[in-house]
**Student:** 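Got a structure here, written out as structure tokens. Questions coming.
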Amino acid sequence: MVLLLQVVVMGVSGSGKSTVGSHLAEKLGWKFYDADDYHPKENRKKMAEGIPLNDQDRIPWLCCLHDILRRDQESGHNAVLACSALKKMYRHILETRESVTPQPDEGSSAPLKILFIHLDGPVDLIAKRLQKRKGHFMPASLLQSQFDTLEPPSPPENFLTVSLEKPVSEIVAETEEFIRNMS
Ligand SMILES: Nc1ncnc2c1ncn2[C@@H]1O[C@H](COP(=O)(O)OP(=O)(O)OP(=O)(O)O)[C@@H](O)[C@H]1O
Ligand SMILES: O=C(O)[C@H](O)[C@@H](O)[C@H](O)[C@H](O)CO
């Protein structure tokens, strides 16, 4: 596959980003990054204490993730990133590293080519999955705040929305086919 693309598997906590993202990367033979591994300890502590993150907490984290994807794109590598990317502004930062609309005279690199895969589904199903999940720092109590923050992707964003009610294997197959049809 020649297509130079980065894929971000997005959604609320518990939507399946890490699970689907890692399986998708393996199926495609691409590198995989889990955004959770790049949260500063202050963010992880805040979430573990049941306090939702805010823009100030997330923007430096998203800039770091943009740099990782930019490095791979510039070295000709595809990658899959599992990242909540809840707001449109967050997805803009992943593409451009800019948290505000750039001024015309601001010199900047071309935006990264990112396909956002939004894992979408009912809050009660996600809550059940979070209750069953053990040993993760993110409490199920923060799920509602995730939905309150979520701005689902919409045109002209480059995205595919997939139901998280499907088995992981089906989500991966559907996403892989969509990506291959892009090339
Ligand atoms: N399609 C699926 N069908 C059934 N169970 C799933 C599916 N996707 C994920 N799960 C399960 O749901 C739980 C949450 O998945 P996962 O940890 O990948 O979500 P996440 O979006 O990465 O969460 P967080 O953002 O909190 O890290 C896990 O126990 C996982 O095994
Ligand atoms: O943006 C956020 O609020 C966080 O990234 C959450 O969405 C993640 O689920 C958390 O990092 C646990 O994995």
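All ligand and atom numbering here is 1-based and tracks the order in the structure.
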**Student:** Answer yes if the side chains of K88 and S154 hold a donor-acceptor pair under 3.5 Å, and no otherwise.
**Tutor:** yes
**Student:** With heavy-atom distances below 4.0 Å as the criterion, list the atoms of ligand 2 near S13.
**Tutor:** 9 (O)
**Student:** Where does K132 meet ligand 1, judged by heavy-atom distances below 4.0 Å: at the side chain, the backbone, both, or neither?
**Tutor:** neither
**Student:** So among E174, M182, R180, E176, which one has a side-chain contact (heavy atoms from CB on, under 4.5 Å) with F178?
**Tutor:** M182
**Student:** Work out whether the distance between some heavy atom of S15 and some atom of ligand 1 is less than 4.0 Å.
**Tutor:** yes
**Student:** Nearest 0.5 Å please: distance from the CD atom of E42 over to the CE atom of M47.
**Tutor:** 11.0 Å
**Student:** Identify the protein heavy atom lying closest to atom 24 (P) of ligand 1, giving its residue, its atom name and the separation to 0.1 Å.
**Tutor:** R133 NH1, 3.5 Å
**Student:** Quick check on E26: does its CD atom have over 12 non-hydrogen neighbours (other residues, nucleotides or ligands) under 6.0 Å away?
**Tutor:** no
**Student:** Which of the listed options, P167, G121, G16, holds the heavy atom that is closest to atom 8 (N) of ligand 1?
**Tutor:** G16
**Student:** Identify the closest protein heavy atom to atom 2 (C) of ligand 2: which residue and atom is it, and at what distance?
**Tutor:** R58 NE, 3.4 Å
**Student:** So is E165 in contact with ligand 1, going by heavy-atom distances below 4.0 Å?
**Tutor:** no
**Student:** Can you tell me the protein heavy atom closest to atom 27 (O) of ligand 1 and the distance?
**Tutor:** D36 OD2, 3.0 Å
**Student:** Do D36 and R44 meet the salt-bridge criterion of a basic N to acidic O distance under 4.0 Å?
**Tutor:** no
**Student:** For atom 26 (O) of ligand 1, find the nearest protein heavy atom and state the residue, atom name and distance (0.1 Å precision).
**Tutor:** S13 OG, 2.8 Å
**Student:** I'd like to check which ligand 2 atoms, numbered from 1 as shown, lie under 4.0 Å from a non-hydrogen atom of H136.
**Tutor:** 12 (C), 13 (O)
**Student:** Note the single closest protein heavy atom to atom 30 (C) of ligand 1, along with its residue, its atom name and the distance in Å.
**Tutor:** T19 OG1, 3.6 Å
**Student:** Considering both backbone and side-chain atoms of G14, is one of its nitrogen or oxygen atoms within less than 3.5 Å of a nitrogen or oxygen in ligand 1?
**Tutor:** yes
**Student:** Hey, does E170 sit under 4.0 Å from ligand 1 if you only count heavy atoms?
**Tutor:** no
**Student:** Looking at every non-hydrogen atom in both residues, tell me the closest pair between S13 and M138 and how far apart they are.
**Tutor:** OG-CG, 3.2 Å
**Student:** Nearest heavy-atom pair of Q56 and P60: which atoms, and what distance?
**Tutor:** O-CD, 3.2 Å
**Student:** Check for me whether R44 has a heavy atom closer than 4.0 Å to any atom of ligand 2.
**Tutor:** no
**Student:** Give a yes or no on this: more than 12 heavy atoms of other residues, nucleotides or ligands lie within 6.0 Å of atom NE2 of H39.
**Tutor:** yes
**Student:** Rounded to the nearest 0.5 Å, how far apart are CG of N54 and NZ of K46?
**Tutor:** 4.0 Å
**Student:** In terms of residue, atom name and distance, what is the protein heavy atom nearest to atom 1 (N) of ligand 1?
**Tutor:** K166 O, 2.9 Å
**Student:** If the cut-off is 4.0 Å to any non-hydrogen atom of H39, which atoms of ligand 2 fall inside it?
**Tutor:** 4 (C), 5 (O), 11 (O)
**Student:** Among all the protein's non-hydrogen atoms, which is closest to atom 3 (N) of ligand 1, and how far away is it?
**Tutor:** R129 NH2, 3.2 Å
**Student:** List ligand 2 atoms under 4.0 Å from M138, heavy atoms only on the residue side.
**Tutor:** 6 (C), 10 (C), 12 (C)
**Student:** Can you measure from CG (L69) to CG (L5) and round to the nearest 0.5 angstrom?
**Tutor:** 10.5 Å
**Student:** Roughly how far, to the nearest 0.5 Å, is the OG atom of S84 from the CG atom of L62?
**Tutor:** 7.0 Å
**Student:** Starting from atom 7 (O) of ligand 2, which protein heavy atom do you reach first, and at what distance in Å?
**Tutor:** Q146 OE1, 2.7 Å
**Student:** Quick one about S18 and D34 (side-chain donor to acceptor, distance below 3.5 Å, no hydrogens or angles considered), yes or no?
**Tutor:** yes
**Student:** Which is it for D34 and ligand 1 at heavy atoms under 4.0 Å: side chain, backbone, both or neither?
**Tutor:** neither
**Student:** What part of V12, side chain from CB on, backbone N/CA/C/O, both or neither, has a heavy atom under 4.0 Å from ligand 1?
**Tutor:** backbone
**Student:** Which value, rounded to the nearest 0.5 Å, describes the distance between I117 atom CD1 and K17 atom NZ?
**Tutor:** 14.0 Å
**Student:** Run the numbers for me: atoms of ligand 2, each under 4.0 Å from some heavy atom of S84, listed by number.
**Tutor:** 1 (O), 2 (C), 4 (C), 5 (O), 7 (O)
**Student:** Which one of T19, L24, L28 satisfies the side-chain contact (heavy atoms from CB on, under 4.5 Å) criterion with V172?
**Tutor:** L24
**Student:** Quick one: which ligand 2 atoms are inside 4.0 Å of a heavy atom on M47?
**Tutor:** 4 (C), 10 (C), 11 (O)
**Student:** Consider every N or O of W61 and every N or O of ligand 2, then say whether any pair is closer than 3.5 Å.
**Tutor:** no
**Student:** Hey, quick one: are V123 and L125 part of the same hydrophobic cluster, counting side-chain heavy atoms closer than 4.5 Å, chains of contacts allowed?
**Tutor:** yes
**Student:** When you measure from atom 21 (O) of ligand 1 to every protein heavy atom, which one gives the shortest distance, and what is it?
**Tutor:** K17 NZ, 2.8 Å
**Student:** Is the shortest distance from a heavy atom of L164 to ligand 1 less than 4.0 Å?
**Tutor:** yes
**Student:** With atoms numbered from 1 as shown, which atoms in ligand 1 lie under 4.0 angstrom from a non-hydrogen atom of V168?
**Tutor:** 1 (N), 2 (C), 7 (C), 8 (N)
**Student:** How far is atom 13 (O) of ligand 2 from its nearest protein heavy atom, and which residue and atom name does that atom have?
**Tutor:** D36 OD2, 2.5 Å
